[in-house]
> 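The structure under discussion is supplied below as structure tokens; questions concerning it will follow.
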Amino acid sequence: MNRLLIAAILISGLSLSACTRPDRFGADGTDGTNGLPGTGVVDPNAIGSASDPASPLYFSQTIGDRVLFVVDQSTLTPQAMATLDGQAQWLLTNSSYLAVIEGHADEQGTREYNVALGARRANAVREYLISKGVPASRLRTISYGKERPISLCSDESCYSQNRRAVTVISVGSIS
Amino acid sequence: MSQSDLHCRATRFCDPSQDSIRPQVMLPVMDQTRIFMMRMLATLLLALGLAFPGMAQQPLQITITDGVIEPLPIAVPVFQAETAGAEQMAAQITRVVVDDLVNSGLFREVPQSAFISQVTSFAQPVAYADWRAINVQGLVTGAVAMSGDQLVVKFRLYDVFSGAELGEGLQFAGTVAGWRRMGHKVADAVYSRITGEGGYFDSRVVFVSESGSKGSRLQRLAIMDYDGQNIQFLTESGAIVLAPRFSPTGDRVLYTSYESGFPAINLLDVSTVGRRQIATAPGEMAFSPRFSKDGTRVIYSLSTGGNTDLYITDLNTGQHMRLTEAPSIETSPSFSPDGTQIVFESDRSGTQQLYLMSANGGEPQRISFGEGRYGSPVWSPRGDLVAFTKQNAGRFHIGVMRTDGSEERLLTSSFLDESPTWAPNGRVIMFTRETQGTDGAPSIYSVDISGRVLQQVPTGGMSSDPSWGPLQP
């Protein structure tokens, strides 16, 4: 009896999450791999080990998958360029991977302007990677505006983390 | 059938059908000319500085632009039930009428307990002296009749000081299910007769309903009555949806959706909740869509190579037209009511500012020159004002300015106010207010154009990006 009940609840729970999941985000809005909002293109089982330099996990954890921006700016800082040099090198070495570059803004701005601002930031990263030899056909950009903050407080310590562009490694074709 | 099928159907596609309400004029019981003369005389005396001694002698008239400080006292005795069993419905409709009028900030309800004379029949003559004695200026009487699923509501408005009816008696017929709309119709008529302006109570608002934590919000489109009642969801939770906008007739909604994985423009039919992605001009991301005044074209932002410009796509022919060509961000466009001009925001000067431009493109003229940044401009349906979001010194404001940028007035101030939308009469603005911090959450607020009447719209949860539709037919 209890088992049946539990099974019924589990099944209904699964069905509910399937129902409320019409896009590629998980039910909690993240891709379920690293807690970051992403495109979810990478199969979590395929990202490999952080100690394997050819793995996407190595890319995100050791090379660094993100660069940060000054308020209202899309100009790359010297620190950002250093990170992107590493990203470009990795992408050139691991030429079977594609990348989606996500632009983000902090909450101190209007919603639609921040979408446009995020697009600018993502494109600044894309242009830099292209300038370092990564084929444009392997890079796509998307802006999330201020809709997916990674740090949730309302002061500069969080805003500085949210003004970011994240390079998300993916396999297969970029739609 | 699985649980999920039931779940989806129950929460997703409620039928937001609109009942049409038929207004009918009842027998006139007043002398229009006499009332007109009295009101003209009163206005003339006021203009000459001959103030009346005492409030009870002012005419039943409110000029909204004056910034009403003292709400006008009205009495709305519970509407008469004209059929057996209609008592509760009559009481509910009366409450909608009173709530609409009082929440506008222009009226104050004189409570039933203060009444000297009781209204026991819709036809009975009004004992004006009894209402004057308790300082009532406007008296609304009404009656409700029910027959099966049909409902008839009628009302009369009396100018107590003049001792005469103001306007003709009206009745509305519709379905019982649409009973709240009948109350809104009565309130709109009363508001309109006393202010000389159009009403806004019988209208709906489309918005983004949000749930989940701040870092991973789930968003879905929803629609509600202007007062937060009758909320229905138009899409499922999941993909990010932003900034819905009603078509001029309120039958369709344009919005930005991430359903395809990238920002794109979607068009949704309100009655069927069918939706499709609009084919825009070629680019990477399309967002910020709004209808043209005739509902046949869409103006929007298109981002390509990190640069965002304004485009128009004709929904019938599929033809695209590029409106701006600048290395800066151009977004959040809004047509003038006559459709000839566009107000939008651009950071071409270095920061977000507001610009006017011909609807065919051309050289934009900057209209915002105050301190800070200006965004999300929306042209008033009356044509006289532009509402906007202003960001200055760490605060956000909703404000209005004339279309030449003069007479800027800030109506609100908070940690984060944004996305204004106009009531159909151009006298009230709804907007998003987001609270601060890790648990920060958005809600919808309304404010009148004097900035005096600020209220949260009860949506029962997190909500943002309201778009206020037209008065319903």
Side-chain angles (χ1 to χ4, degrees), chain A residues 8 11-30 35-37 39-41 72 74 100 103 107-127 140-145 147-155 158 162 175, chain B residues 2-5 7-8 12 212-219 235-240 242-243 256 258-263 284-285 287-288 301 303-308 329-332 345 347 351-352 373 375-376 389 391 394 396 415-416 418-419 432 434-440 464-465:
Chain A
I11 288 166
S12 74
L14 287 171
S15 308
L16 283 179
S17 56
C19 167
T20 54
R21 191 186 168 172
D23 72 344
R24 292 179 294 165
F25 291 109
D28 61 354
T30 67
L36 297 176
T39 59
V41 177
D72 262 355
S74 56
V100 176
E107 68 187 351
Q108 289 287 290
T110 47
R111 215 165 200 175
E112 292 179 321
Y113 181 81
N114 277 350
V115 173
L117 182 59
R120 238 185 215 167
R121 288 175 175 160
N123 191 66
V125 168
R126 182 174 186 269
E127 294 292 330
R140 175 145 194 193
T141 56
I142 183 172
S143 172
Y144 286 97
E147 308 305 315
R148 289 291 179 260
I150 189 68
S151 299
L152 306 185
C153 70
S154 293
D155 57 50
C158 288
N162 291 333
S175 55
Chain B
S2 75
Q3 285 280 343
S4 62
D5 291 335
H7 172 77
C8 288
R12 188 174 153 208
S213 79
K214 189 174 173 181
S216 54
R217 287 272 162 73
L218 293 177
Q219 296 164 314
T235 64
E236 291 187 61
S237 288
I240 294 170
L242 303 177
T256 304
Y258 283 60
E259 198 173 5
S260 69
F262 293 87
E284 289 154 16
M285 289 170 244
F287 57 98
S288 197
S301 281
S303 186
T304 305
N307 181 36
T308 301
I329 289 171
E330 276 72 37
T331 190
S332 296
E345 63 170 83
D347 64 358
T351 59
Q352 275 172 284
R373 301 199 262 161
S376 52
T389 303
Q391 187 181 352
F396 279 76
F415 166 71
L416 210 175
E418 66 168 313
S419 304
T432 309
E434 185 136 5
T435 53
Q436 197 167 352
T438 304
D439 298 325
S464 61
D465 281 3

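Per chain, numbering begins at 1; letters A, B, ... match sequence-line order.
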> With respect to chain A, which residue among Asp465(B), Thr351(B), Thr308(B) yields the maximal number of heavy-atom pairs within a distance under 4.5 Å?
Asp465(B)

> Taking every heavy-atom pair that is under 4.5 Å apart, which of Asn307(B), Thr256(B), Asp347(B), Leu242(B) has the most such pairs with chain A?
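Counting heavy-atom pairs under 4.5 Å, the top option is Asp347(B).
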
> How about Asp439(B): does its CG atom have over 12 heavy atoms from other parts shown lying under 6.0 Å from it?
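Atom CG in Asp439(B) is not packed in, count stays at 12 or less.
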
> Quick one: what part of Ser143(A) sits under 4.5 Å from any heavy atom of chain B, side chain, backbone, both or neither?
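Both backbone and side chain.
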
> For each of Gly440(B), Gly305(B), Gly394(B), tally heavy-atom pairs with chain A at distances under 4.5 Å, and name the one with the top tally.
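Greatest number of close heavy-atom pairs with chain A: Gly305(B).
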
> Can you name the nearest heavy-atom pair linking Ala116(A) to Ile329(B), along with the distance?
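Heavy-atom minimum between the residues: CB-CG2, 3.4 Å.
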
> Sub-3.5 Å donor-acceptor pair from the side chain of Arg217(B) to the main-chain atoms of Arg148(A), do we have one?
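Not confirmed, Arg217(B) side chain does not pair with Arg148(A) backbone.
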
> With rounding to the nearest 0.5 Å, note down the distance linking CZ in Arg140(A) to CZ in Phe262(B).
4.0 Å

> Determine whether Glu345(B) and Glu112(A) make a side-chain contact, defined as any pair of heavy atoms from C-beta on separated by less than 4.5 Å.
no

> With a 4.5 angstrom heavy-atom cut-off, which part of Glu127(A) approaches chain B: side chain, backbone, both or neither?
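Neither part; nothing is under 4.5 Å.
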
> Quick one: what part of Ser332(B) sits under 4.5 Å from any heavy atom of chain A, side chain, backbone, both or neither?
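Both parts, backbone and side chain.
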
> Heavy-atom distances under 4.5 Å only: say whether Leu416(B) touches chain A with side chain, backbone, both or neither.
side chain

> Could you go step by step and tell me if Thr110(A) and Gln352(B) meet the side-chain hydrogen bond (donor to acceptor under 3.5 Å, both in side chains) rule?
CA-CA 10 Å; Thr110(A) 47; Gln352(B) 275 172 284; 3.1 Å; yes

> Quick one: pull up NZ in Lys214(B) and CD in Glu107(A) and give me the separation to the nearest 0.5 Å.
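Going from NZ on Lys214(B) over to CD on Glu107(A), the span is 3.5 Å.
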
> Should Ser154(A) and Glu434(B) count as side-chain neighbours, where that means a heavy-atom distance under 4.5 Å?
no

> Which heavy atom of Met285(B) sits nearest to which heavy atom of Ile142(A), and what is that distance?
CE-CA, 3.6 Å

> Identify which part of Glu330(B) has an atom lying under 4.5 Å from any heavy atom of chain A, answering side chain, backbone, both or neither.
neither

> Is it the side chain or the backbone of Ser288(B) that comes within 4.5 Å of chain A heavy atoms, both, or neither?
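Both parts, backbone and side chain.
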
> Between Ala122(A), Ala119(A), Gly103(A), Gly118(A), who has the most heavy-atom pairs with chain B when the cutoff is under 4.5 Å?
Ala119(A)

> Any donor-acceptor pair under 3.5 Å linking the side chain of Glu418(B) with the backbone of Arg111(A)?
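Pair found, side chain donor or acceptor close to backbone of Arg111(A).
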
> Work out which heavy atom in Arg373(B) is nearest to a heavy atom in Gln108(A); give both atom names and the distance.
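Heavy atoms only, the tightest pair is NH2-O, 3.9 Å.
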
> Select one option (side chain, backbone, both, neither) describing which atoms of Glu284(B) are under 4.5 Å from chain A's heavy atoms.
both

